[in-house]
Visitor: 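One structure, as structure tokens, below. Some questions next.
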Amino acid sequence: MENFKIITSERGKELVLLNNDKYSYTTFHSSNGKHVNHASNNNEKIERQILRENCKRKAEENTSTRPLKIIRTELLNSDLPNIMNNDITSVRKAIYDKKRKQYPIYPTSLNEAISQLKNIQNNDLCMFKSEQFVFVPETNDFINGESKLRSAYKDNNDELGQWLKLFLGLPFLLPTDVDDAFTKLMAICPDLEVGSLFSDYVLNTCIEDDSLFPPILWAQVPSLNPRTTNGAESFHRTYNGQFYSTHPPTHAVISILKETQTQTVAIINSIENNITKTMASKDYNRIISTINLYKEFEQNKDIIRYLKLTGNKYLGKKY
């Protein structure tokens, strides 16, 4: 008989893989290895299933290990040359879904959240390197309550909240226009006593030329060009997160670099096959609308109106 391989199904059952056909043990013995129900699976689909199920099993056994660490280790130790970058994304999601089943039900109130924390604080989920890192006091007032700024921001009818949302339009101005926009925003602040708590921080951190993040770093007229350094930040954050000491041993660095390279190979495979991530239609329509608003602003010079219409487009999913 030709060589066959034992793999795991999505339901956790063992399957026999023969000539890219998958059989349960009962089907394999009763059919003499002949597959007549449907066409064979391609190599890409088989490799994706092998990677996904192996990673899900290891994630269940090692709840504290990062999903990306599990995926990279499995790629390094397995012969899976057809894995693409989008396969890694789907595998990571499968790992999170598997881990989520071990977590408590999402709380619906503050008291329920505190109760759940008290119940799991001695659980393995709250342990790191065999040491507890979550401690819940007996009193329920240890979670900071909503400030006046937060309450105002969450209330769509609050004048202070509407004023705070105007600041979200500042990144879509020329750096030279930010200072003038900030001055006009302060002139219409409905509550200087509370609003100054926020505006003073913004002024000292993001507006003044000698601030930590001056406008030249974050202000730009709206365009379709990427406005973030998320790619580089994600790489460095993930890379640094693999180490647990300032000066790791050489062999640990080499091992991490090898694991990183396995994901890089998958990304290269995706690019060579013209599989790229495009901007979501919702985001595309939003930025096109912002570009049109900026063109109107260049004509009428009504900066407060521009900030209001633009800022309300970038409130986030929840606030």
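Quick note: residue numbers are just sequence positions, from 1. Keep in mind that what you see is a predicted model, and the values were worked out from it rather than measured. As a basis for the values below, the full set of heavy atoms in this structure was taken, side chains included, without hydrogen atoms, waters or symmetry mates.
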Visitor: Tell me whether the centres of the aromatic rings in Y294 and F172 are closer together than 6.0 Å.
Guide: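 So the answer is no for these two rings.
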Visitor: Could you measure the distance from the CD1 atom of I71 to the CG atom of D87? Nearest 0.5 Å is fine.
Guide: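 Going from the CD1 atom of I71 to the CG atom of D87 covers 10.5 Å.
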Visitor: Does OH belonging to Y284 count more than 12 external heavy atoms closer than 6.0 Å?
Guide: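 It does not: Y284 OH has 12 such atoms or fewer within range.
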Visitor: Got a sec, which residues hit side chain to side chain donor-acceptor pair (under 3.5 Å) with K98, two or more places apart in sequence or on another chain?
Guide: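 None.
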Visitor: What is the minimum heavy-atom distance between T65 and I70, and which atoms define it?
Guide: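 T65 and I70 have their closest heavy atoms at CG2-CG1, 3.6 Å.
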Visitor: State whether K56 and E53 are salt-bridged, where the test is any N-O pair (Lys NZ or Arg NE/NH1/NH2 against Asp/Glu carboxylate O) under 4.0 Å.
Guide: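 Salt bridge flag = yes for E53 with K56.
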Visitor: So how far is it from L160 CG to L149 CG, rounded to the nearest 0.5 Å?
Guide: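 Answer for the CG-CG pair, L160 versus L149, is 6.0 Å.
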Visitor: Only counting residues at least two apart or in another chain, list the ones meeting side chain to side chain donor-acceptor pair (under 3.5 Å) with Q263.
Guide: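 R72.
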Visitor: Once salt bridge (Lys or Arg N to Asp or Glu O under 4.0 Å) is applied, what residue pairs with a partner in residues 180-189 remain, sequence neighbours excluded?
Guide: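 Sorted pair list: D180-K184.
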Visitor: My understanding is that only one of D302, L170, L168 makes a side chain to side chain contact (heavy atoms under 4.5 Å, CB included) with L307; could you say which?
Guide: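 It is L170, the one option of D302, L170, L168 that forms the side chain to side chain contact (heavy atoms under 4.5 Å, CB included) with L307.
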Visitor: Can you list the other members of the hydrophobic cluster that holds L76, where links are side-chain heavy atoms under 4.5 angstrom apart?
Guide: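 None; L76 is a cluster of one.
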Visitor: Go through the structure and list residues passing side chain to side chain donor-acceptor pair (under 3.5 Å) with N77, not counting sequence neighbours.
Guide: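 Listed in chain order: nothing, the list is empty.
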Visitor: Take atom CG in D200; do more than 12 heavy atoms of anything else shown fall under 6.0 Å from it?
Guide: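 More than 12 within 6.0 Å, yes.
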Visitor: Decide if the gap between the ring center of F198 and the ring center of Y201 is smaller than 6.0 angstrom.
Guide: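 Centroid distance F198-Y201: not below 6.0 Å, so no.
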Visitor: How many angstroms lie between atom CD1 of I287 and atom OG of S223, to the nearest 0.5 angstrom?
Guide: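 Those atoms lie 6.5 Å apart.
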Visitor: Residues in side chain to side chain donor-acceptor pair (under 3.5 Å) with E60, at least two apart?
Guide: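 None.
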Visitor: Does a side-chain heavy-atom distance below 4.5 Å link I275 with N85?
Guide: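 Of all side-chain heavy-atom pairs linking N85 with I275, none is under 4.5 Å.
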Visitor: Out of curiosity, M84 CE to R48 CZ, how far, rounded to the nearest 0.5 Å?
Guide: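 Result: 10.0 Å between the selected atoms.
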Visitor: Report the distance from atom CG of L293 to atom NZ of K313, rounding to the nearest 0.5 Å.
Guide: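 L293 CG to K313 NZ: 5.5 Å, rounded to 0.5 Å.
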